[in-house]
There are 2 protein chains.
Amino acid sequence: MSTIIDVAESSKTHANENEKAALISAPQRPGGWKKGIAIMDFILRLGAIAASLGAAITMATSDQILPFFTQFFQFEASYDSFSTFQFFVIAMAFVGGYLVLSLPFSIVAIIRPHANGPRLFLIILDTVFLTLATASGASAAAIVYLAHNGNQDSNWLAICNQFGDFCAQTSGAVVSSFVAVVVLLLLIVMSSLALKKH
Amino acid sequence: MSTIIDVAESSKTHANENEKAALISAPQRPGGWKKGIAIMDFILRLGAIAASLGAAITMATSDQILPFFTQFFQFEASYDSFSTFQFFVIAMAFVGGYLVLSLPFSIVAIIRPHANGPRLFLIILDTVFLTLATASGASAAAIVYLAHNGNQDSNWLAICNQFGDFCAQTSGAVVSSFVAVVVLLLLIVMSSLALKKH
């Protein structure tokens, strides 16, 4: 007799649990996940600002003067020796500035998760600045690679043996710019996904 | 009496014209402009295929042997002297291959202009390959710039005085890759606009 009651009891609690699970998995509001994506967008955007401005500042402060000099020469390497690095600093500053200015639109997307206007605006501008960030990061990476390895056939010697600190700093800036690129890619993919469903 | 009739006549034809104009400007089907964007997408995609594969082939066939040589050396410049140019060839071939494989999805978007699935798929993959194309184009541009101008501070000499044909061919490949980048940007902007409205 007791066993039967037990079974009935357990089946009842089971049904209760199912009900609870259904309640939890059901969305409280229809656009809850869109709000979640908008908040994630805002946080990632803060990370991308740090990465891009960090890259610009690291590159702009890279400067190394060798401790020996001749009567006529002082051996110095700085970012403005290479026009590619100058482009890098300017482009990364632009990307960081754009990302700061885009924060209000990201906040609007949090407040109104169903408005597609700001989201579309952000996708298009993000794509443009993704291209700018990738171009500056990749071209600086090509020069950093040459500085590390040199090139045999064109007789370009590696300068990182002499300018070790300079090379380390520029390499760090390039890595930081690639972090910004990856975050921007994520932002675009997330915004497109949020744009689709209703 | 006749003048009054004339006025009535002219006002009647005027009303007719207005009606016609209204008929012409009204869309025949609600999603007509989406179909137009899808067709434009397909055509631009063909252009991007030509640009990216053209860039890969131009770079891969760049090879110049100078007409003088010593007992031990033959002076030769080819794309595989520079690892950046090797990356360029591989990346551009990938981008071209992806664009060819994306054509069926573009056709699906023409046939079903209101289906958002293929459009979203294309936006996300387009963004990834835009990044790849930009990275390879920009890094190759940095090397081509060095080959043309050299760099004083690191004592890298311009090699384009000797290898003129090689430089011209690689510069052409870089320009072609930037055409592909611009077309990919346009494709993403167009697809996002088509994704939004209903």
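Proteins get letters first, then strands, A, B, ... in listed order; numbering begins at 1 in each. Nothing here was measured: the structure is a model prediction, and the numbers come from that model.
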Query - Nearest-0.5 Å distance that lies between atom CD1 in Ile188(A) and atom CD1 in Ile123(B) - result: 10.0 Å
Report task. Please state whether the side chain, the backbone, both or neither of Ser136(B) comes within less than 4.5 Å of a heavy atom of chain A. Result -> neither
**Report entry** For the student: nearest non-hydrogen atoms of Ser192(A) and Leu195(B), plus distance
**Finding:** O-CD2, 4.2 Å
Requested in this report: Could you state whether Val175(A) and Phe87(B) fall into the same hydrophobic cluster, counting links through intermediate Ile, Leu, Val, Met, Phe, Trp or Tyr residues with side-chain heavy atoms under 4.5 angstrom apart?
Outcome: no
Query raised in the report: Which bit of Ser191(A) comes within less than 4.5 Å of chain B, counting heavy atoms only: side chain, backbone, both or neither?
Result: neither
Report task. Could you tell me which non-hydrogen atom of Asn151(A) sits nearest to which non-hydrogen atom of Ser81(B), and how far apart they are? Result -> ND2-O, 3.0 Å
Requested in this report: Select one option (side chain, backbone, both, neither) describing which atoms of Thr84(A) are under 4.5 Å from chain B's heavy atoms.
Outcome: side chain
Query - ILVMFWY cluster, Ile57(A) and Phe94(A) together (side-chain gap under 4.5 Å) - result: no
Requested in this report: Check the pair Thr127(B), Val189(A) against side chain to side chain contact (heavy atoms under 4.5 Å, CB included), reporting the backbone distance first and the verdict last.
Outcome: CA-CA 8 Å; Thr127(B) 310; Val189(A) 170; 5.7 Å; no
Query raised in the report: Between Ile124(B) and Leu193(A), what is the shortest heavy-atom contact and its length?
Result: CD1-CD2, 4.3 Å
Query raised in the report: Crowded around Phe105(B) CZ? As in, over 12 foreign heavy atoms under 6.0 Å?
Result: no
Query raised in the report: Is there a path of hydrophobic side-chain contacts, each under 4.5 Å between heavy atoms of I, L, V, M, F, W or Y residues, that connects Tyr98(A) with Ile43(A)?
Result: yes
Query - Separation between CZ of Phe166(B) and OG of Ser154(A), rounded to the nearest 0.5 Å - result: 9.0 Å
Requested in this report: Could you tell me the separation between the CG atom of Leu130(A) and the OG1 atom of Thr134(B), rounded to the nearest 0.5 Å?
Outcome: 7.0 Å
Report task. Tell me, out of Val181(B), Ile159(B), Leu184(B), who's got the most heavy-atom pairs with chain A below 4.5 Å. Result -> Ile159(B)
Query - Nearest heavy-atom neighbours spanning Ala135(A) and Ala138(B) - result: O-CB, 3.3 Å
**Report entry** ILVMFWY network linking Val128(A) to Val182(A), side-chain heavy atoms under 4.5 angstrom
**Finding:** no
Query raised in the report: So if you build clusters from Ile, Leu, Val, Met, Phe, Trp, Tyr with side-chain heavy-atom gaps below 4.5 Å, do Met40(B) and Ile49(B) land together?
Result: yes
Report summary line: Taking a cut-off of under 4.5 angstrom between non-hydrogen atoms, the residues of residues 141-150 of chain A near chain B are Ala142(A), Ile143(A), Tyr145(A), Leu146(A), Ala147(A)
